[in-house]
Asker: 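Can you read through this structure? Questions will come right after.
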Amino acid sequence: MRPWRAALRKELLLQWRTRAEVAAVFAFGAITLLLFSFAVGPAPQALRTYAGGFLWVGLLMASTLALAEGFHRETENQALEGLLLLSLKPHAIYYAKAVANWLQIGIVGAALLPEMIVLYDVPMPAPGRLLAVLVAGAAALAAPGTLYAAMTSQVRSRSTLLPLLLFPLVVPVLLAAVKATALAISGDIMREWSTWIGVLVMFNAIHWPLCGLLFAHVVEE
Amino acid sequence: MISKKASSSIQALAAEAIPHDSPEAMEKDAAVSCSGLCRRFGGRWALSHVSLTAAYGAAFLVTGHNGSGKTTLFRVLATAIRSDRGRARIAGFDLGRERAHVRRHVTLMSHHSYLYEALTAYENLDLAARVAGESLAPFAIHALLDRVELDDRAHDFVAEFSAGMRKRLGLARALIRTTPVVLFDEPYGQLDPRGFALVDGVVDECRKRGAAVLLATHQIEHGRRICQEALVLARGRCVWRGRAADLPPLRLGHSQETEKEVS
């Protein structure tokens, strides 16, 4: 347990030290939301309808930057190999990294929420539900994202390859998160919200253990 | 110039050490014992049928020109990469089947520093100690930093360090665990003369506490002074093996030159 805690502490410390990068990731997401509002034009109803979709596409695109950068630090001086040779288990490295990524994506998502509300003139009837979608959705992006970031970290064109691999896999996440966000915004008359949250929970229940297992095969030769 | 007698004995040793397909019987009591190790990168054999035996409390020099396979050999022995063929035992554990045990018994000081640029020197050592399961008190970490003459820079970020300072910090990182097998890959690189003495002292200390030390370096004179056994690699093959004191004066130019020099 102690080495895992040390790995997590390292991840959080590195994120804090490189917080300018987190700010850049947020700025990227914020600009994406702004561009969507320009693309749709002065149509408040359309913006409100698609606000959830814009938020999650913006967050997904911004998260790939954060995920790739997080692994770049590990390959800089072969630091990841150094941890493995100190007998740190690959799954400990994975879970420390995935939790840190979850936190980072969640923070960026939470920071994008007010922008979405203001920019798209979105009413916020269920902030608790919105937060729950954000937590579950960020976890669902972080689990496979961490694995794919590790897979592409040694490749020269990693910034292109990571979204190419990740985006098709997280289609169900995007679908469920967008639906659940829209229901949290516009009201859940048909009581569908829990179904979509259930999809996110199921995705997490499958991918967190699975990616933890596969991570060892990715980082170990 | 090598005398005729010395030359013939080298030839005999070289003939004994020339790669072969039938793996030698590995010595069970040796700290490091490998037989017929091979490793391929794409179509190129970086390591071809390398065998060696290193005893506890001894220092073993591994030398050869750039690209001769020294780093590959060390990375295989440290479990950073797998061998394609051959067998090895490290501290009694099988390299292929007992990798987790091997890792607990080997320290590799690689020419990669294994350091995080955004962490300070102290934080890097603290992290390595915690991950390795060693409970080092702050004063012990400062003592390690003092040992490599970096205590006054303990709270500076690694990103601000020079290449030599990173090397010293890498050396301190390698000293966190006291494993029975220690592999130093080019430990003298980027170091000043005081750094050379520091490495020599560390190698000697490891050896005295009973660890087997494998030292890969181009600094043959240094290696000859502090090592008992030696091995010369050229194009991934072992071309000479014997007592370090008997090592012919190599210029370590191209692989062909090295092979010519030892035969």
Side-chain angles (χ1 to χ4, degrees), chain A residues 1-25 66 68-97 99-100 104 150 153-155 215-221, chain B residues 39 41 71-72 74-84 99-120 122-136 157-159 161 163 166-167 169-170 173-174 176-177 179 181-183 185:
Chain A
M1 195 64 186
R2 198 164 167 253
W4 180 81
R5 281 211 310 265
L8 179 64
R9 187 172 167 270
K10 180 261 296 180
E11 291 297 335
L12 299 177
L13 194 57
L14 284 173
Q15 282 196 358
W16 176 246
R17 290 278 160 74
T18 54
R19 54 192 178 276
E21 285 167 17
V22 182
V25 169
E69 198 49 49
F71 244 92
H72 175 62
R73 288 193 285 264
E74 301 294 339
T75 52
E76 229 172 0
N77 294 320
Q78 298 290 326
L80 181 72
E81 182 183 295
L83 294 183
L84 289 169
L85 296 186
L86 284 172
S87 297
L88 185 60
K89 298 274 181 282
H91 67 256
I93 298 175
Y94 170 78
Y95 286 115
K97 228 164 197 7
V99 167
Q104 189 173 358
S153 61
Q154 303 283 6
V155 184
F215 188 78
H217 297 282
V218 172
V219 294
E220 291 270 25
E221 195 184 319
Chain B
R39 169 68 203 205
F41 291 111
T71 296
T72 305
F74 277 31
R75 285 171 60 74
V76 166
L77 294 178
T79 73
I81 55 173
R82 287 183 190 274
S83 63
D84 290 310
R99 286 167 74 82
H101 290 291
V102 171
R103 279 187 179 167
R104 276 197 285 275
H105 292 82
V106 181
T107 297
L108 169 67
M109 185 196 168
S110 164
H111 53 184
H112 296 299
S113 66
Y114 293 152
L115 301 169
Y116 287 95
E117 301 275 323
L119 297 185
T120 65
Y122 180 93
E123 286 165 348
N124 266 290
L125 293 192
D126 186 42
L127 169 70
R130 284 172 194 268
V131 161
E134 304 277 338
S135 49
L136 288 190
F157 294 117
V158 168
F161 280 15
R166 284 160 195 253
K167 200 76 178 184
L169 189 56
R173 191 182 182 278
I176 279 175
R177 296 192 300 173
T179 53
V181 177
V182 189
L183 312 173
D185 189 6

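Per chain, numbering begins at 1; letters A, B, ... match sequence-line order. Just the heavy atoms: all of them, side chains too, but no hydrogens, waters or symmetry mates, feed the values below.
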Asker: So, A:Glu220 and B:Arg103, do they make that salt bridge, N to O below 4.0 Å?
Answerer: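 Looking at A:Glu220 and B:Arg103, the cut-off is met.
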
Asker: Would you name the heavy atoms of B:Phe157 and A:Arg17 that are closest together and state the gap between them?
Answerer: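 Between these two residues, the closest heavy atoms are CE2-NH1, 3.3 Å.
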
Asker: Which one of B:Ile81, B:Asp126, B:Thr179 has the most heavy-atom pairs closer than 4.5 Å to chain A?
Answerer: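 Highest number of heavy-atom pairs under 4.5 Å: B:Ile81.
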
Asker: For the residue pair B:Val158 and A:Glu76, establish whether any side-chain heavy-atom pair is separated by less than 4.5 Å.
Answerer: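 They are not in side-chain contact.
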
Asker: Working to the nearest 0.5 angstrom, can you tell me the gap between B:Glu134 CD and A:Arg2 CZ?
Answerer: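 Reported value, rounded in 0.5 Å steps: 9.5 Å.
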
Asker: Which one, B:Arg166, B:Arg99, B:Arg104, leads in non-hydrogen pairs under 4.5 Å with chain A?
Answerer: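 That would be B:Arg104.
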
Asker: Does the pair A:Leu85 and B:Tyr114 meet the rule for a side chain to side chain contact (heavy atoms under 4.5 Å, CB included), with working shown?
Answerer: CA-CA 10 Å; A:Leu85 296 186; B:Tyr114 293 152; 3.5 Å; yes

Asker: Between A:Lys10 and B:Tyr116, which heavy-atom pair has the shortest distance, and what is it?
Answerer: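 Where A:Lys10 meets B:Tyr116 most closely, the heavy atoms are NZ-OH, 3.1 Å.
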
Asker: Should A:Leu86 and B:Arg173 count as side-chain neighbours, where that means a heavy-atom distance under 4.5 Å?
Answerer: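 Counting from C-beta outward, A:Leu86 and B:Arg173 do come under 4.5 Å.
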
Asker: Which bit of B:Asn124 comes within less than 4.5 Å of chain A, counting heavy atoms only: side chain, backbone, both or neither?
Answerer: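 Contact with chain A involves no heavy atom of B:Asn124 at all.
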
Asker: Which atoms form the tightest heavy-atom contact between A:Ser87 and B:Ala100, and what is the distance?
Answerer: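 In terms of heavy atoms, the two residues are closest at OG-O, 4.3 Å.
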
Asker: Could you check whether atom CZ of B:Arg177 has more than 12 heavy atoms from other residues, nucleotides or ligands sitting under 6.0 Å from it?
Answerer: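 Above 12, so yes.
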
Asker: Select one option (side chain, backbone, both, neither) describing which atoms of B:Leu119 are under 4.5 Å from chain A's heavy atoms.
Answerer: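 Both parts, backbone and side chain.
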
Asker: In the structure I gave you, are the side-chain heavy atoms of A:Leu83 and B:Leu127 within less than 4.5 Å of one another anywhere?
Answerer: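 Touching, per the 4.5 Å side-chain cut-off.
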
Asker: Quick check against the 3.5 Å criterion: does A:Asn77 have a side-chain atom that pairs as donor or acceptor with the backbone of B:Leu115?
Answerer: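 Side chain of A:Asn77 to backbone of B:Leu115, a donor-acceptor pair under 3.5 Å: yes, one is there.
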
Asker: Below 4.5 Å from any heavy atom of chain B, which atoms of A:Gln78 appear? Answer side chain, backbone, both or neither.
Answerer: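 Its backbone and side chain both get close to chain B.
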
